[in-house]
Undergrad: 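One structure is given below, represented as structure tokens, and several questions about it will come after.
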Amino acid sequence: MIGTSSYARDMLSQPAIRLLKRLASEGVSPWLVAATGEEFLPDSPSHSETTELLHGAVAPVLDGVTVRRACDALWNTFVESGGGEGRVSVPVDPWLVHDAEALVSAARSVYDEVGRPNLLVRIPATRAGLVALEECLSLGISVDVDLIFCAERYEEVLAAYLSGMERALSRGLRLRQIAAVTSVPVGMLDAEVNARLAALPARGAEAAAAHDTAAPAVARLLYRAREKRLEGEWWRVLRAAGATPPGLLWTEARPRHVSALVGWNTALAATRKVLEAAAATEQLRGDTLLNAHAEARRALDALDGLGIRIGEVARELEVGELDRLQRAWTLRS
């Protein structure tokens, strides 16, 4: 059994704990989104590590000492899962997102400062970010590539992942120790599309039917894209050398996403508030992603018929979120 510190039991209700266990049984790794480093640090080093609960954490901008402690809090999970779980994602300077060389340098600095193999360096998936993703993986640096809002960009992420891992293999690195996770801000995507639907009063019934469909549709297409890539010859070579499949992490989750995005070898990052709300209102109904790509395309076609094109939404969300991240980084500096 994968264990984690009993601090999770202390800060979550019993219904939320049961939800986390059920998610894990469905192949979904529960991650915590923390506003501060203290949220996912154990209250006491004497706490036992006996339950299968939180498998990772998405952290804000933290100092190296706090990140190191967070990685250590999830260390047993990391070891017992063979490196597949127990990771902590922290960002690099978002002002560097259009400079691949600077992103790689920043990622190396963070990785070296923290000094923990279960660290993920979070890099936005800009054009430069994709170049940095490949280079980081080739150097043995694990990456959480962020701000994926459409299948087209995810295909580019998968291509960069395979190239980076191929280069790592040619350098003789241990692929089992290198991880790549793709963060998909599903709550952000749904909120933006829902707002656009609300601005279509003349299409009331159609718009209402399309409410909350964008993120699940995109998630299903991403899941399918990963499945197809993992059927390829190069993935078989990498897997034989010890590589683990690239992860899919649903972020910015709302309670409804907890039950709507269930699929094997995925992860869901949520705040304590969202987990508690989902435990009170949502019922898991099994896998919702496998073989659901045809339904997903129909949902996106319906949105397109309403004048909402996911590619355009994705580009605007990326620009807007990068601007927000840059302003937030400047305020913290």
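We number each residue from 1, following the sequence as shown.
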Undergrad: Before accepting this row, confirm whether a basic side-chain N of the pair R68/E113 lies closer than 4.0 Å to the acidic partner's carboxylate O.
TA: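 No.
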
Undergrad: R87 side chain to G83 main-chain N or O, any donor-acceptor pair under 3.5 Å?
TA: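 Here the side-chain-to-backbone pair exists.
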
Undergrad: Please check if the side chain of T244 supplies one atom and the backbone of G84 the other of a donor-acceptor pair under 3.5 Å.
TA: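 Not confirmed, T244 side chain does not pair with G84 backbone.
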
Undergrad: If we ignore angles and hydrogens, is there a donor and acceptor under 3.5 Å between the side chains of R171 and S138?
TA: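 The criterion, which ignores hydrogens and geometry beyond distance, is satisfied for S138 and R171.
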
Undergrad: Please round to the nearest 0.5 Å and tell me the distance separating atom CH2 of W250 and atom NE2 of H257.
TA: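 Reported value, rounded in 0.5 Å steps: 10.5 Å.
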
Undergrad: Should E231 and R226 be marked as a salt bridge (Lys or Arg N to Asp or Glu O under 4.0 Å) after you check the CA-CA gap, both sets of side-chain angles, and the distance that decides it?
TA: CA-CA 9 Å; E231 294 171 355; R226 185 179 64 173; over 6 Å; no

Undergrad: I'd like to know if E192 pairs up with R196 as an ion pair, taking the criterion as any Lys NZ or Arg NE/NH1/NH2 lying under 4.0 Å from an Asp or Glu carboxylate oxygen.
TA: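 A salt bridge is present here (some side-chain N lies under 4.0 Å from a carboxylate O).
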
Undergrad: Is the closest basic N to carboxylate O distance between D190 and R254 below 4.0 Å?
TA: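 Here D190 does not pair with R254 in a salt bridge, since their nearest N and O are not under 4.0 Å apart.
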
Undergrad: To the nearest 0.5 Å, how far apart are OH in Y154 and CZ in F149?
TA: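 Rounded to the nearest 0.5 Å, the OH-CZ separation comes to 15.5 Å.
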
Undergrad: Using the rule that Ile, Leu, Val, Met, Phe, Trp and Tyr join whenever any side-chain heavy atoms are under 4.5 Å apart, tell me whether V114 and V65 fall into a single cluster.
TA: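 Cluster IDs for V114 and V65 differ.
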
Undergrad: Do any N or O atoms from the side chain of T213 and from the backbone of A210 form a donor-acceptor pair under 3.5 angstrom?
TA: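 Checked: pair present.
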
Undergrad: Give the intermediate values and the outcome of salt bridge (Lys or Arg N to Asp or Glu O under 4.0 Å) for residues R220 and E295.
TA: CA-CA 9 Å; R220 288 163 177 164; E295 179 185 348; 3.4 Å; yes

Undergrad: Please check if V237 and L173 belong to a single hydrophobic cluster, counting links between Ile, Leu, Val, Met, Phe, Trp and Tyr side chain heavy atoms closer than 4.5 Å.
TA: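 Same cluster: V237 reaches L173 through Ile, Leu, Val, Met, Phe, Trp or Tyr contacts under 4.5 Å.
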
Undergrad: Pair E321, R324 - check salt bridge (Lys or Arg N to Asp or Glu O under 4.0 Å), show working.
TA: CA-CA 5 Å; E321 183 61 8; R324 187 194 69 79; 2.6 Å; yes

Undergrad: Between R224 and E227, does the salt bridge (Lys or Arg N to Asp or Glu O under 4.0 Å) criterion hold? Intermediate values first, please.
TA: CA-CA 5 Å; R224 176 61 174 171; E227 280 191 309; 3.7 Å; yes

Undergrad: Please examine the side chains of L137 and I141, heavy atoms only from C-beta on, and report whether any two atoms are closer than 4.5 Å.
TA: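 I141 does not reach L137 side chain to side chain.
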
Undergrad: Checking side-chain contact (heavy atoms from CB on, under 4.5 Å) for the pair L221/V218: CA distance, chi angles, key distance, verdict?
TA: CA-CA 5 Å; L221 292 182; V218 169; 5.8 Å; no

Undergrad: In sequence, state the C-alpha distance, the side-chain angles, and the governing distance for W95 and T330, and then conclude on side chain to side chain donor-acceptor pair (under 3.5 Å).
TA: CA-CA 9 Å; W95 287 102; T330 299; 3.0 Å; yes

Undergrad: Does atom CZ of R174 have more than 12 heavy-atom neighbours from other groups under 6.0 Å away?
TA: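 Check fails, neighbour count at 12 or below.
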
Undergrad: As an exercise, state the distance from CZ of R18 to CG of L12, rounded to the nearest 0.5 Å.
TA: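 Atom-to-atom, R18:CZ and L12:CG are 12.0 Å apart.
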
Undergrad: Verify, without hydrogens or angle tests, whether D146 (side chain) and R122 (backbone) share a donor-acceptor contact under 3.5 angstrom.
TA: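 Checking the backbone N and O of R122 against the side chain of D146, no donor-acceptor pair under 3.5 Å is found.
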
Undergrad: Test your reading of the model: is there a side-chain donor-acceptor pair from T288 to the backbone of V262, 3.5 Å cut-off?
TA: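 Yes; at least one donor-acceptor contact below 3.5 Å.
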
Undergrad: Is the backbone N or O of V97 less than 3.5 Å from a side-chain atom of T126, with the two atoms forming a donor-acceptor pair by type?
TA: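 Yes; at least one donor-acceptor contact below 3.5 Å.
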
Undergrad: Are P117 and Q177 side-chain neighbours, meaning at least one heavy-atom pair lies under 4.5 Å?
TA: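 No. Closest side-chain heavy atoms not under 4.5 Å.
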
Undergrad: Using the rule that two of Ile, Leu, Val, Met, Phe, Trp, Tyr join whenever any of their side-chain heavy atoms come within less than 4.5 Å, decide whether L133 and V131 are in one cluster.
TA: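 No, no single cluster joins them.
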
Undergrad: Is it true that the side chains of S109 and D112 contain a donor and an acceptor less than 3.5 Å apart?
TA: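 Checked: S109/D112 side chains show no N/O donor-acceptor pair below 3.5 Å.
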
Undergrad: In Å and rounded to the nearest 0.5 Å, what is the CD to CG distance from E135 to L130?
TA: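 Rounded to the nearest 0.5 Å, the CD-CG separation comes out at 13.5 Å.
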
Undergrad: Does the pair R153/E156 count as a salt bridge with the N-to-O cut at 4.0 Å?
TA: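 So R153 pairs with E156 through a salt bridge.
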
Undergrad: Do L268 and W264 belong together in a cluster built from hydrophobic side chains that touch within less than 4.5 Å?
TA: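 Cluster IDs for L268 and W264 match.
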
Undergrad: Would you indicate whether the side-chain heavy atoms of L189 and V186 approach each other to under 4.5 Å?
TA: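 No; the side chains remain at least 4.5 Å from each other.
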
Undergrad: Before accepting this row, confirm whether a basic side-chain N of the pair E26/K21 lies closer than 4.0 Å to the acidic partner's carboxylate O.
TA: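 Salt bridge flag = no for K21 with E26.
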
Undergrad: With a 3.5 Å cut-off and no angle check, do the side chains of E276 and S13 form a donor-acceptor pair?
TA: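 Yes.
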
Undergrad: So do the side chains of I123 and D144 get within less than 4.5 Å of each other, counting heavy atoms only?
TA: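 A side-chain contact is absent here, since even the closest heavy-atom pair is not under 4.5 Å.
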
Undergrad: Can a donor-acceptor pair be found, under 3.5 Å and without considering hydrogens, that links the side chain of S105 to the backbone of E101?
TA: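 Such a contact is absent between S105 side chain and E101 backbone.
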
Undergrad: Are I310 and V319 linked, directly or through intermediate hydrophobic residues, by side-chain heavy-atom contacts shorter than 4.5 Å (ILVMFWY only)?
TA: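 No; I310 is not reachable from V319 via cluster members.
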
Undergrad: With rounding to the nearest 0.5 Å, note down the distance linking CZ in R22 to CG in L284.
TA: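 With rounding to 0.5 Å, CZ (R22) is 5.0 Å from CG (L284).
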
Undergrad: Looking only at heavy atoms, what is the nearest atom pair of L222 and A151, with distance?
TA: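 Looking at all heavy atoms of both residues, the closest pair is CD1-CA, 3.5 Å.
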
Undergrad: Between D301 and R297 (salt bridge meaning N to carboxylate O under 4.0 Å), is one present in this structure?
TA: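 Salt bridge flag = no for R297 with D301.
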
Undergrad: Treating R127 as the side-chain partner and H98 as the backbone partner, does any N or O pair qualify as donor plus acceptor under 3.5 Å?
TA: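 No: the side chain of R127 does not pair with the backbone of H98.
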
Undergrad: Taking atom CG of L119 and atom OG of S89, what is their separation to the nearest 0.5 Å?
TA: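 Result: 8.0 Å between the selected atoms.
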
Undergrad: For the pair E134 and R167, find out whether any cationic side-chain nitrogen is under 4.0 Å from an anionic carboxylate oxygen.
TA: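 A salt bridge is present here (some side-chain N lies under 4.0 Å from a carboxylate O).
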
Undergrad: Tell me whether N194 contacts the main-chain N or O of D212 through its side chain, where contact means a donor paired with an acceptor under 3.5 Å.
TA: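 Yes.
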
Undergrad: Verify the distance criterion only: is there a donor paired with an acceptor across the side chains of S29 and E85 at less than 3.5 Å?
TA: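 Note: S29 and E85 side chains meet the donor-acceptor criterion.
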
Undergrad: Hey, does L275 have a side-chain heavy atom less than 4.5 Å from the side chain of L20?
TA: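 Side-chain contact under 4.5 Å: yes.
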
